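Sequence lines set the chain letters: A, B, ... in the order given, protein chains first and strands last, and positions in each chain run from 1. Computed from a predicted structure; not experimentally measured.
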2 protein chains.
Amino acid sequence: MGADATLRGFCGYAMKRAFLGVQADLNRVLAPLGLRMMTYSALVVVTDNPGLRQSQLADALAVEKPNMVALVAELVQAGLLTRQRAPDDRRAHALHPTDTGRALAARAIAAVQAHEARITATLGPEELQTLMHALAQVERAALEETHA
Amino acid sequence: MGADATLRGFCGYAMKRAFLGVQADLNRVLAPLGLRMMTYSALVVVTDNPGLRQSQLADALAVEKPNMVALVAELVQAGLLTRQRAPDDRRAHALHPTDTGRALAARAIAAVQAHEARITATLGPEELQTLMHALAQVERAALEETHA
DNA sequence: TATTGTTATACTCTATAACTATA
DNA sequence: TATAGTTATAGAGTATAACAATA
């Protein structure tokens with residue numbers, strides 16, 4: 001297309017367009033469950049790692065700690081997570097899924113996996129593997145550059 | 001990694017992390033030139049397509065028209081683009097690079113190409129090609145899903 | 001001193017509806 | 001009627017500095 005040609009094969013913009021398209025479609029899939037990409041991701045990580053602390057969740061999602069506060073509060077408010085003081089470190093908040101949270105996570109994971117299968121349907125298995133590997137490599141290289 | 005494992009191979013989040021990392025590093029590279037990812041992209045497209053109209057630029061960048069207004073205004077304000085009424089359609093604005101804009105675009109393109117070479121240095125040529133192809137496929141599939 | 005979580009704040013990008021002036 | 005550009009507005013996500021409580 002003209003757009004790609006005029007952007008001279010700009011890889012970063014291709015990543016942007018693909019990500020925004022996937023995110024928009026994913027949010028469309030998650031909306032009936034009352035979730036978005038970020039709230040879904042946080043819910044799944046906590047469900048798979050009960051007792052996780054907020055700072056660990058922030059690390060897992062690559063989100064700054066201040067931005068984690070509202071995200072967790074939203075999930076607690078929705079009755080999907082609980083946030084309790086950790087007994088061994090009273091600064092920390094341990095996060096646990098509620099029964100409702102676990103049930104919703106199960107449904108949401110199924111919906112997202114189906115969604116991702118549709119999104120990557122035209123890719124062969126090794127093509128998909130190359131995509132995931134290349135994304136991880138590019139992310140690592142970018143972070144190394146930034147913090148060099 | 002734990003984070004990836006707990007996200008169950010969530011492709012959309014891998015795309016998010018890679019894109020945000022690349023964008024942050026790219027903006028770091030562009031900042032000394034007074035540009036960001038979006039202003040850079042607009043400047044390059046207009047430089048490569050002088051006389052382009054604002055709505056065509058919006059299409060090329062996959063940006064909604066209202067969001068194009070401030071972006072173009074910023075580039076005009078910086079003396080990099082001019083915006084003139086199109087003689088054949090007095091509703092439209094034709095965009096042209098200034099001499100300053102062309103010169104800055106040349107410098108910025110070189111900087112971005114060097115940046116992208118660094119970011120993709122660990123990928124083989126066919127791996128990079130697969131990445132670009134897969135991104136385009138995923139974007140197309142997501143847009144089809146959304147507008148289905 | 002360092003870390004956990006928090007507040008406050010600002011910026012960028014995105015999305016939609018409604019308007020104007022032209023066509 | 002439809003299109004190009006605009007205005008206004010709202011929302012999501014991100015980033016930094018500074019603080020209190022705790023380690």
Taking side chain to side chain contact (heavy atoms under 4.5 Å, CB included) as the definition, give me every residue that meets it alongside A:H96, ordered by chain and number, with sequence neighbours left out. A:P50, A:T82, A:Q84, A:A94
B:F19 CZ to D:dA12 C1', in whole Å, measures 14 Å
Applying side chain to side chain contact (heavy atoms under 4.5 Å, CB included) to A:R90 and not counting sequence neighbours gives none
Return the value, rounded to whole Å, for the distance between atom CZ of A:R36 and atom C1' of D:dT14. 14 Å
Going by the rule side chain to side chain contact (heavy atoms under 4.5 Å, CB included), which residues pair with A:H93 if we only count those two or more places apart in sequence or in a different chain? A:Q54, A:R83, A:R85
Length of the line joining A:M68:CE and D:dA15:C1', which is rounded to integer Å: 15 Å
Check this one for me: any side-chain N or O of B:S55 less than 4.0 Å away from OP1 or OP2 of D:dT3? no
Rounded to whole Å, how long is the line connecting atom CD of A:E74 with atom C1' of D:dG13? 12 Å
B:L52 has an atom CG; how far is it from atom P of D:dA4, in whole Å? 12 Å
Residues that B:F19 engages under ring pair (Phe, Tyr, Trp, His ring centres under 6.0 Å), provided they are two or more places apart: A:F19
Min side-chain heavy-atom separation B:L143-B:R140 under 4.5 Å: no
Anything under 4.0 Å to a heavy atom of chain A counts; send over the first and last such nucleotide of DNA chain C, read 5' to 3'. C:dA2 to C:dT14
To the nearest angstrom, the CG-P distance between A:N27 and D:dA12 comes to 10 Å
Considering only NZ, NE, NH1 and NH2 on the basic side and carboxylate oxygens on the acidic side, decide whether A:D48 and B:R8 come within less than 4.0 Å. yes
Among residues at least two apart in sequence or on other chains, which ones pass side-chain hydrogen bond (donor to acceptor under 3.5 Å, both in side chains) with A:D89? A:R91
Mind checking side-chain hydrogen bond (donor to acceptor under 3.5 Å, both in side chains) for A:T98 and listing every partner two or more places apart, or none if nothing turns up? none
Within the pair B:Q54 and D:dT6, is there a side-chain N or O less than 4.0 Å away from OP1 or OP2? yes
Show me the side-chain donor-acceptor pairs of residues 61-71 of chain B shorter than 3.5 Å, one per line, residues at least two apart or across chains.
none

Where along residues 28-35 of chain B does a heavy atom fall under 4.0 Å from DNA chain D? none
Set of ring pair (Phe, Tyr, Trp, His ring centres under 6.0 Å) partners for B:Y40, sequence neighbours left out: A:F10
Interatomic distance, B:L71 CG vs D:dG5 P [rounded to whole Å]: 14 Å
Going by side-chain hydrogen bond (donor to acceptor under 3.5 Å, both in side chains), name the residues that satisfy it together with A:R107, two or more places apart in sequence or in a different chain. none
To the nearest Å, give me how far apart CE (A:M37) and P (D:dG13) are. 9 Å
Among D:dT6, D:dG13, D:dA4, the nucleotide that comes nearest once only the side chain of B:R83 is considered: D:dT6
Along nucleotides 16-21 of chain D, 5' to 3', which nucleotides get a B, which get an S, and which get a -, given that the test is a protein heavy-atom distance under 4.0 Å? BB---B
